Amino acid sequence: MAGLASDGSNPDVSLLYDINGLAKAAPSWFDRVMGFVGEYGIMLGLVLVALGCWWSVRRRGTPADSVAGLAALIWAPLAAGVALLINIPIRGFVERPRPFNDHQGLEVLVQGKTDFSFVSDHATMAMAIAVGVFVAHRRFGLAAIGLALVEGFCRVYMGVHYPTDVVGGLALGTAVALLLAPPALALLTPVVAAVARSPRGARLVRSRRAAEHLPVAETVGMPESRLGSGERDLAA
């Protein structure tokens with residue numbers, strides 16, 4: 001892939017120049033902002049969206065919904081980690097150089113990138129987290145997916161990835177987060193449910209105000225006669 005043409009005959013390269021050309025026309029302060037957003041800002045935004053999602057799922061719905069939502073939120077960063085590990089052999093196999101190594105005239109906003117280009121780690125990680133949040137909560141998930149798409153645009157704008165690097169990363173993150181979600185949630189949900197039965201862990205899964213509107217038996221999903229002190233605390 002290192003020999004891609006830069007004369008516009010290759011759609012991938014042509015789109016790279018079109019998007020990165022926006023950086024040349026933009027003020028220097030805006031490029032600095034875009035460089036920060038593409039490198040760190042979107043990831044910080046995804047963390048904030050995930051925290052908002054956690055706050056929402058522990059205050060609304062049934063206790064089972066809260067447990068399932070928190071399990072999905074825990075899976076989100078785990079999915080990103082798994083996707084990044086899968087990307088290591090992919091990068092080594094494809095060995096695609098960064099676009100600024102093969103094409104002249106690009107406005108590179110972040111220096112020091114020496115690894116391979118396909119697929120984009122940032123796009124992979126962002127979409128894996130976003131899909132995990134979507135599994136937990138549709139509205140917050142859509143916001144997270146929107147941020148992941150912006151991340152992909154930023155990586156091309158910054159001149160550090162081809163568009164197909166970004167598309168590959170978005171696809172990889174989505175595939176890992178969705179395809180591995182069933183077994184991951186099957187393992188994580190009982191763990192979160194067990195944590196919810198402890199006095200301190202219950203606060204992470206279910207807010208006090210939400211639990212007060214539900215019978216104790218519904219809070220843990222079993223008859224009240226079988227509840228222990230930890231389970232009763234979930235509804236306290």
Side-chain angles (χ1 to χ4, degrees), residues 1-4 12-13 15-16 37-50 53-54 68-102 110 112-138 140-192:
M1 294 187 180
L4 291 174
D12 197 21
V13 177
L15 188 57
L16 165 68
V37 169
E39 196 74 6
Y40 309 106
I42 295 296
M43 295 304 167
L44 177 60
L46 287 171
V47 171
L48 295 177
V49 170
C53 182
W54 165 74
L70 183 56
L73 283 176
I74 295 173
W75 166 238
L78 294 178
V82 172
L84 291 178
L85 289 176
I86 294 175
N87 191 29
I88 293 176
I90 295 176
R91 281 193 165 197
F93 176 76
V94 177
E95 294 186 345
R96 186 185 204 183
R98 295 278 182 169
F100 52 77
N101 290 325
D102 288 340
V110 178
K113 300 293 183 180
T114 58
D115 54 347
F116 294 121
S117 188
F118 186 88
V119 296
S120 167
D121 275 342
H122 279 74
T124 299
M125 182 165 52
M127 187 55 81
I129 293 174
V131 172
V133 174
F134 183 80
V135 173
H137 194 288
R138 298 294 185 267
F140 283 96
L142 289 175
I145 290 173
L147 287 176
L149 295 176
V150 173
E151 174 70 13
F153 176 84
C154 288
R155 302 307 288 178
V156 181
Y157 182 97
M158 295 160 59
V160 295
H161 281 293
Y162 294 96
T164 49
D165 298 337
V166 168
V167 172
L170 297 177
L172 176 60
T174 300
V176 170
L178 283 183
L179 295 179
L180 298 183
L185 295 181
L187 294 173
L188 290 172
T189 301
V191 174
V192 175

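What's counted below: heavy atoms across the whole structure, side chains too, no hydrogens, waters or symmetry copies. This one's a predicted model, so the numbers in the text were calculated from it and none came from an experiment.
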Requested in this report: Using the side chain to side chain contact (heavy atoms under 4.5 Å, CB included) rule, pick out the option among L170, V176, L178 that qualifies with V131.
Outcome: L178
Query raised in the report: So, are K113 and D165 salt-bridged, with charged N and O less than 4.0 Å apart?
Result: no
Requested in this report: List the steps and the verdict of side-chain contact (heavy atoms from CB on, under 4.5 Å) for V119 and R91.
Outcome: CA-CA 6 Å; V119 296; R91 281 193 165 197; 5.6 Å; no
Report task. Can you label the angle between the F153 ring and the Y157 ring as parallel, tilted or perpendicular, going by 30° and 60°? Result -> tilted
Query - Donor-acceptor contact present, side-chain D102 to main-chain P97, <3.5 Å - result: no
Report task. Hey, could you give me the CG/CD1 distance between L46 and I42, rounded to the nearest 0.5 Å? Result -> 7.0 Å
Report summary line: So CG of L48 and CZ of F140: to nearest 0.5 Å the spacing works out to 11.0 Å
Query raised in the report: Looking only at heavy atoms, what is the nearest atom pair of D12 and Y162, with distance?
Result: OD2-CB, 3.5 Å
Requested in this report: Using the six-membered ring of F134, assess whether NZ or CZ of R138 lies under 6.0 Å from its centre and within 45 degrees of the ring axis.
Outcome: yes
**Report entry** Close side-chain approach of L172 and I90, heavy atoms under 4.5 Å
**Finding:** yes
Report summary line: Nearest heavy-atom approach of V160 to R98 is O-NH1, 2.9 Å
Query raised in the report: How far apart are the closest heavy atoms of A76 and I129, and which atoms are they?
Result: CB-O, 3.7 Å
Query raised in the report: What's the shortest heavy-atom distance between C154 and V37, and which atoms?
Result: SG-CG1, 4.1 Å
Query raised in the report: Has the side chain of H122 got a donor or acceptor atom that lies under 3.5 Å from a matching backbone atom of G152?
Result: no
Requested in this report: Under the side-chain contact (heavy atoms from CB on, under 4.5 Å) rule, what do V135 and L185 come out as? Steps first, then yes or no, please.
Outcome: CA-CA 10 Å; V135 173; L185 295 181; 4.1 Å; yes
